[in-house]
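Contents: one structure, followed by commentary.
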Amino acid sequence: MSAGSAAELFRRTFGRDPDGIFSAPGRVNLIGEHTDYNGGLVLPFAIDARAQLAAGRGDSSKVRIVSAQKPGEVVTVAPADIEPGAPAAAGWPGYLLGSFWAVRQTGRPLEPLDLVLDSQVPSGAGLSSSAAVECATVLAVSALAGYRFDPLTVARLAQRAENDFVGVPCGPMDQTASAAAADGAVLLFDTRAGTVENIPFDPAAHGLAILVIDTRVAHSLADGEYGRRRASCERAADVLGIRQLRDVPFSGLPAALDRLPDPELRRRVRHVVTENERVARTVALLRAGRIVEIGDLLTASHASLRDDYDVSCPELDLAVDTALAAGALGARMTGGGFGGSVIALVPAGRIDTVGAAVTAAFADHGWTAPVLRSVTPAQGARRDA
Ligand code: ADP
Ligand code: MG
């Protein structure tokens with residue numbers, strides 16, 4: 001990223017220097033899918049693509065926002081009008097205004113601000129551009145007002161912006177990764193305990209790379225099916241008399257399955273419980289420096305999401321199968337499913353081969369070319385200047 005791009009646009013737009021520059025990264029989930037709303041474990045990492053925000057205390061009575069990715073628009077809102085459901089909340093400005101609102105909801109008075117966003121996180125590619133924008137904004141708004149939140153608080157406020165202001169019912173993973181991940185690490189996030197731990201993760205040191213394959217498809221059933229999966233998990237927890245599926249330990253899976261009459265519900269539970277176990281095993285391997293061996297766990301995660309959780313789709317399956325056939329050590333869909341991206345663990349020297357194989361396979365099917373990105377674990381939200 002060009003270091004000063006947001007600051008430069010700030011100067012051009014408002015004719016003065018910003019008071020601070022903040023940034024927050026996108027994220028990709030290494031493993032632990034559809035576990036976060038079950039109180040389970042997730043293992044995302046922040047990526048080396050960031051949303052950068054130049055911020056200045058307002059010289060008007062309004063909050064003004066600009067995005068380099070939305071050229072020509074200067075959104076101007078009176079602070080009193082920054083409320084969920086207000087006209088200003090609609091569309092992309094809602095992600096920034098919602099973050100302003102979420103900080104104000106903590107009872108802290110906020111002054112008008114000028115905010116200029118320039119993000120390298122592609123939007124809608126499964127890399128959580130929204131969390132990057134929210135975390136950078138929460139950090140900027142609070143810092144300029146003289147408050148300092150710890151990373152988990154930044155994440156919680158950013159999630160509140162997305163849930164209660166933008167109106168997207170996302171879980172806590174994206175914002176937590178963007179706010180709390182460390183450079184060269186994956187973030188073990190125990191969603192039940194609300195605790196995080198950074199585990200060193202340096203694929204390059206092992207001659208490996210992480211390839212993200214954006215299938216460019218977003219199947220329309222995603223939203224409804226997501227809600228149905230959540231409801232199934234809640235129903236299963238009810239039948240089992242537990243709070244969340246997290247309460248089924250891996251060793252207790254056979255007994256839990258015996259108590260579930262519905263075959264579909266059994267498969268859903270089997271995914272969630274085995275996925276938590278795969279996260280734990282991945283962490284154990286990473287702690288032991290055995291990164292090469294996590295590939296099988298990634299691939300097993302995909303099979304479970306495909307066969308037990310029914311959230312894959314032909315494009316995701318083809319990307320996974322082709323990547324594996326071309327030399328990836330492991331590959332899986334990442335994100336909610338029904339489109340979005342695949343993450344593959346690949347020997348660094350085979351990145352191009354794997355990418356070319358997937359591109360060719362998509363072309364054979366007459367599908368839109370996938371977008372390939374090599375990502376490395378990077379630092380979470382921070383003040384840059
Ligand atoms: P993602 O998976 O990328 O998070 P979302 O739909 O959750 O996808 O969030 C994408 C939305 O976030 C965009 O449609 C836009 O409203 C907002 N957004 C992300 N990046 C920018 C940006 N650079 N400028 C303006 N809005 C942005
Ligand atoms: Mg998002």
Side-chain angles (χ1 to χ4, degrees), residues 1-2 5-10 13 21-29 33 36-37 42 44-47 49-55 63-75 77 87-100 102 114-138 140 155 157-179 212-220 222-223 226 316 333-343 371 373 375 381:
M1 136 163 6
S2 51
S5 54
E8 181 49 40
L9 182 58
F10 189 102
T13 308
I21 299 171
F22 306 83
S23 67
R27 66 91 190 96
V28 65
N29 192 19
E33 215 65 74
D36 61 342
Y37 51 83
V42 296
F45 60 95
I47 60 168
R50 309 180 73 83
Q52 197 179 51
L53 196 67
V63 173
R64 296 184 293 187
I65 62 177
V66 167
S67 166
Q69 284 71 48
K70 305 284 176 183
E73 292 182 57
V74 181
V75 178
V77 192
W92 71 268
Y95 292 86
L96 294 99
L97 298 173
S99 303
F100 180 94
D114 293 327
L115 300 170
V116 173
L117 172 67
D118 190 2
S119 180
Q120 308 277 309
V121 187
S123 163
L127 298 174
S128 205
S129 67
S130 60
V133 169
E134 291 150 4
C135 288
T137 309
V138 167
L157 295 175
Q159 187 195 355
R160 187 177 300 168
E162 184 143 349
N163 290 166
D164 299 341
F165 196 94
V166 180
V168 176
C170 59
M173 176 174 72
D174 297 351
Q175 291 81 5
T176 304
S178 182
V212 174
I213 303 160
D214 177 6
T215 65
R216 308 290 289 158
V217 298
H219 293 294
S220 56
D223 286 353
Y226 178 80
L316 290 167
M333 54 161 275
T334 180
F338 304 106
S341 293
V342 159
I343 178 174
V371 176
R373 295 183 183 89
V375 297

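Positions are given from 1 along the sequence. Ligands are counted one by one from 1 in listed order, and the atoms in each one are counted from 1 as well.
Atom-to-atom distance recorded for Gln69:CD and Ser129:OG is 9.5 Å, nearest 0.5 angstrom. Rounding to the nearest 0.5 Å gives a distance of 13.5 Å between CZ of Arg160 and CZ of Phe165. We find the CG-CZ distance between Leu117 and Phe10 to be 13.0 Å, quoted to the nearest 0.5 Å. The structure places CZ of Arg27 at 4.0 Å from CG of Asp174, a figure rounded to the nearest 0.5 Å. Here the straight-line distance linking atom CG of Leu115 with atom CD1 of Ile65 works out to 7.0 Å at 0.5 Å rounding. The structure places CG of Leu53 at 9.5 Å from OG of Ser67, a figure rounded to the nearest 0.5 Å.
Some N or O of Gly124 is nearer than 3.5 Å to an N or O of ligand 1, by distance alone. Considering backbone and side-chain N/O of Lys70, none are found under 3.5 Å from N/O of ligand 1.
Ordered by chain and number, Ser130 OG make up the set of protein N, O or S atoms under 2.8 Å of the Mg ion (ligand 2).
The protein non-hydrogen atom at the shortest distance from atom 23 (N) of ligand 1 is Gln69 OE1, 2.8 Å. Looking from atom 2 (O) of ligand 1 to the surrounding protein, the closest heavy atom is Ser128 N, 3.7 Å. Ser123 OG, 3.8 Å is the protein heavy atom nearest to atom 14 (O) of ligand 1. Atom 9 (O) of ligand 1 has as its closest protein heavy atom Ser130 CB, 3.4 Å. Shortest contact from atom 24 (N) of ligand 1 to any protein heavy atom: Ser67 OG, 2.7 Å. In terms of protein heavy atoms, atom 26 (N) of ligand 1 is closest to Trp92 CB, 3.4 Å. Counting only heavy atoms of the protein, atom 20 (N) of ligand 1 lies nearest to Val133 CG2, 3.7 Å.
Here Tyr95 has side-chain heavy atoms under 4.0 Å from ligand 1, and that is the only part of it that gets that close. With a 4.0 Å cut-off on non-hydrogen atoms, Ser129 touches ligand 1 through its backbone as well as its side chain. Residue contacts with ligand 1, taken as heavy atom pairs separated by less than 4.0 Å, do not involve Val168 at all.
Side-chain contact check for Leu157 versus Gln159: every heavy-atom pair is 4.5 Å or farther apart. Looking at Ser130 and Glu162, their side chains come closer than 4.5 Å, going by heavy atoms from C-beta outward. Annotation: side chain of Tyr95 is not in contact with side chain of Thr137 (no heavy-atom distance under 4.5 Å).
The contact set between ligand 1 and Ser119, taken as ligand atoms under 4.0 Å from a residue heavy atom, comprises 23 (N). Close approach to Leu117 involves these atoms of ligand 1, each under 4.0 Å from a residue heavy atom: 22 (C), 23 (N), 24 (N), 25 (C).
Taking all atoms of both residues into account, the shortest heavy-atom contact from Ala24 to Ala136 is CB-N, 3.6 Å.
Side-chain N or O atoms of Thr215 include one that pairs as donor or acceptor with a backbone N or O of Gly340 at under 3.5 Å. Between the side chain of Asn163 and the backbone N or O of Cys170 there is at least one donor-acceptor pair closer than 3.5 Å.
In this view, Asn29 and Glu33 satisfy the side-chain hydrogen bond (donor to acceptor under 3.5 Å, both in side chains) rule, not counting sequence neighbours.
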